[in-house]
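In the text below, chain A, chain B and the rest are named by the order of the sequence lines, each starting its count at 1.
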Protein chains: 2
Amino acid sequence: MKTNANGLTNRQSLILRTVVEAYIDNGEPVGSKYLCECGRFSCSSATIRNEMAELEACGYLEQPHTSSGRVPTEAGYRFYVDSLLETYNSTASDVERIKNALKEKRAELDQILTQASRLASSLTNYTGLAVRPGQRAGAFCRYEAICLSPRSLLLVMINPDGTAKTRNLRTDFDIDKTDADALARTLNSCIIGLSASDITLPLMMRMEEMCAPSSQLASMAVKCIYETATERNDGDVRIEGVNRLLEYPEYSDTESIAGLLGLGDSKNALLDLVRDSGEGELDDGDDVKILIGSENRLDALGSSALVFKTVKRGGKVVGAVGVIGPRRMKYQNVISMVDSLASGINELIGDDMLLPTSDTERNDGNE
Amino acid sequence: MKTNANGLTNRQSLILRTVVEAYIDNGEPVGSKYLCECGRFSCSSATIRNEMAELEACGYLEQPHTSSGRVPTEAGYRFYVDSLLETYNSTASDVERIKNALKEKRAELDQILTQASRLASSLTNYTGLAVRPGQRAGAFCRYEAICLSPRSLLLVMINPDGTAKTRNLRTDFDIDKTDADALARTLNSCIIGLSASDITLPLMMRMEEMCAPSSQLASMAVKCIYETATERNDGDVRIEGVNRLLEYPEYSDTESIAGLLGLGDSKNALLDLVRDSGEGELDDGDDVKILIGSENRLDALGSSALVFKTVKRGGKVVGAVGVIGPRRMKYQNVISMVDSLASGINELIGDDMLLPTSDTERNDGNE
DNA sequence: TTTAGCACTCTTGCATACCAAGTGCTAATC
DNA sequence: GATTAGCACTTGGTATGCAAGAGTGCTAAA
């Protein structure tokens, strides 16, 4: 028996593939009879039974109970997916189509990710996932202050990527445009690039001095900036279309659903997951990542598969989009869809929203 | 038999209340024997059976099947809730506690609502709901333009309530602070208070002229403003903690869950629901609203109850928070919690985030 | 008007039997 | 040596029958 590089004969590989695909399609354990009659093999069911017993010994297949058909194990899916990865390619037309769908709602990254998550879900009929890792506190690169009324002021905090956050400051005393401008100048000259712990009392005092006569404004603004920066630090996870999974029998019990719904609460674990798998690979992380069953550390996803790809801006990972579904997922479609989606987002945010200032220094090594 | 205003004898009312409360607690049909032994009645089970038959005839109770205990009908819950509403009162300490919980994440209304939804869910162990109706397109009251780099510009669009949206404009040509200032001046003088259909070609031309030499900027900005304004128009619905409902047997089938999860998609229906019930009541809408089962028009909520209260800012409805749960909901707790929560939000956004301009004229009649 | 008692209905749980699907194994065949 | 046909075996799912339990409605008596 001549075996291939992976230790299986050609026929065994073909049987495994066929089992995986049949199970993906029908969701029911596939037996030797079915395989024998599907036309791909020119041997009897007995032979196939022998081969399947072999595949089970290798850990690629298993039976839910004695005397039912076989079902792929995690390793079985992994084998299937790995052999698939070499051949998939997302067509340019897909990318174009997805990009157009995204473009209608072109806006901030937050909204793009939400859209992407929805899109991923509706295109695949599984659950869509979008992740934005937290940003470092105090990462704003510029501030502006706009005087709205004698006693309120809009603070604009601009991120290096060109997006911005705004917050409303209300004062007990009257202020005017001069005060606002002074505040902006002070902030821009004093606390750019500083984290909260870098802000010392002497610095605060100097800033208040620069903002005089409305010196109180400076401390209010700094507090506000600190709050905003740390609050952003959480990162963000969008999960859309969990209800689509209810169609699949593997999610017919409430527990699995509860797990998925609770996923939003375990933000950090998901963020870690994306981050880790992005860095740990040998390649530079530009591929679609696939985690099947217990390959991820999240209990809630123990019986699911996760297909995702990171989104980059200027060479830095700024998020990820993907799909959560049953382990018997239509990997072929999903992989190319996720790839296209990530590419579409990359084009969108890369082309249209990146500030030239950081664009020119694409590979700054400040990590 | 002397009946009360509602057509029931005192004993019947008491039986109904007891049935509702017992069913809320246990989730199982309650029979005459249970009632007889609970200590509230000094008559035999046979008498209670007669009374319950009467209550069933009135439409307040029903039996899942012959020979099981009784279960409240929608009308039964309604009776219970209405008799409850006269007596509930949210304690000041509740409001304080909730306000503190919200304050940690004080930010924009969007975030407050998300937080409120989570809070509602965790405090009641049901599903939390927060709704923000859409804002009129073109409702921005002021614009600012900040030049970020020679070829990109941050457009700040300020709402009447003091919140702001920002968008990044990327140009093909170089711009500087002068251009940005000119753009802001132009926008502020030309399109404040205009809807998209009010913007005519002559107006556009005049604006481009005012922005010269970078006249192209004006049309880019207007398009961007239009997109942003209409996109906000959607309103927003946050549903948090659906997984908590999985604990309750009435949501053990996947269909009911699917309905709830799909609720996010039928945004508009929910928004209408909140709007309509806010206006249609006799009182001025300051009460907690309760919709039980088919009292709302959403199929997905047909077997659920919805308890919510609108959130106002300057006399105008800007959102609503509430709770979705099984019809046998702990109304007493939920009602006072929702009331406290809405009050807490009202205080937060009323006190801290309203622009003085509209704050001073709190009761301006522009609705 | 209330109560005691009884017959009736319906659900639930349990044990049994049975069928269909699919396997593993052995012996015969290419 | 690889393949095949045939048969015994295992298992889940479904239908059936039976007994227990819970609760009601009704009637007759207090």
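- Ionic pairing of A:K330 and A:D25 is present here: one or more N-O contacts between side-chain nitrogen and carboxylate oxygen are shorter than 4.0 angstrom.
- B:E295 and B:R78 are joined by a salt bridge, as a carboxylate oxygen and a charged side-chain nitrogen come within less than 4.0 angstrom of each other.
- Between A:E51 atom CD and D:dG1 atom C1' the separation is 14 Å, expressed in whole Å.
- Checked against D:dG25, C:dT23, C:dT3, the side chain of B:A53 finds its nearest nucleotide in D:dG25.
- A:M52 places its CE atom 16 Å from the P atom of C:dA21, with the value rounded to the nearest Å.
- Atom P of nucleotide D:dT10 and atom CZ of A:R49 are separated by 16 Å, given to the nearest angstrom.
- For B:L35 and D:dG23, the CG to P distance is 10 Å, given to the nearest whole Å.
- A salt bridge is defined here as a Lys NZ or Arg NE, NH1 or NH2 lying under 4.0 Å from an Asp or Glu carboxylate O, and B:R70 with B:E62 fails to meet this definition.
- If you measure from atom CZ of B:F41 to atom P of C:dT2, you get 13 Å, rounded to the nearest angstrom.
- Listed nucleotides C:dT3, D:dT3, C:dG5 differ in distance to A:R11; the shortest reach to its side chain belongs to D:dT3.
- Computed from coordinates, the B:I48 CD1 to D:dA22 C1' distance equals 16 Å when rounded to whole Å.
- Between the P atom of C:dA28 and the CG atom of A:N50 lies a distance of 17 Å, rounded to the nearest Å.
- Ion pairing of A:R328 with A:E28 is absent here, as no side-chain N (NZ or NE/NH1/NH2) approaches a carboxylate O to less than 4.0 Å.
- One can place CD of B:E54 at 11 Å from P of C:dT1, the figure rounded to the nearest angstrom.
- Proximity of residues 55-70 of chain B to DNA chain C (heavy atom under 4.0 angstrom from any strand atom) is restricted to B:H65, B:T66, B:S67.
- In the set D:dT24, D:dT4, C:dA4, the nucleotide with an atom closest to the side chain of B:A46 is C:dA4.
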Apply the test side-chain contact (heavy atoms from CB on, under 4.5 Å) to residues A:L61 and A:M52: give CA-CA distance (whole Å), side-chain angles for both, the deciding distance (0.1 Å), then the verdict. CA-CA 8 Å; A:L61 293 180; A:M52 291 214 290; 4.3 Å; yes

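- The residues A:D287 and A:K309 are annotated as not salt-bridged, no charged nitrogen and carboxylate oxygen being separated by less than 4.0 angstrom.
- Using a 4.0 Å heavy-atom distance criterion, B:S32 is classed as a sugar-phosphate-only contact.
- The existence of a salt bridge linking A:R40 and A:E21 is confirmed by a sub-4.0 Å separation between a basic side-chain nitrogen and an acidic carboxylate oxygen.
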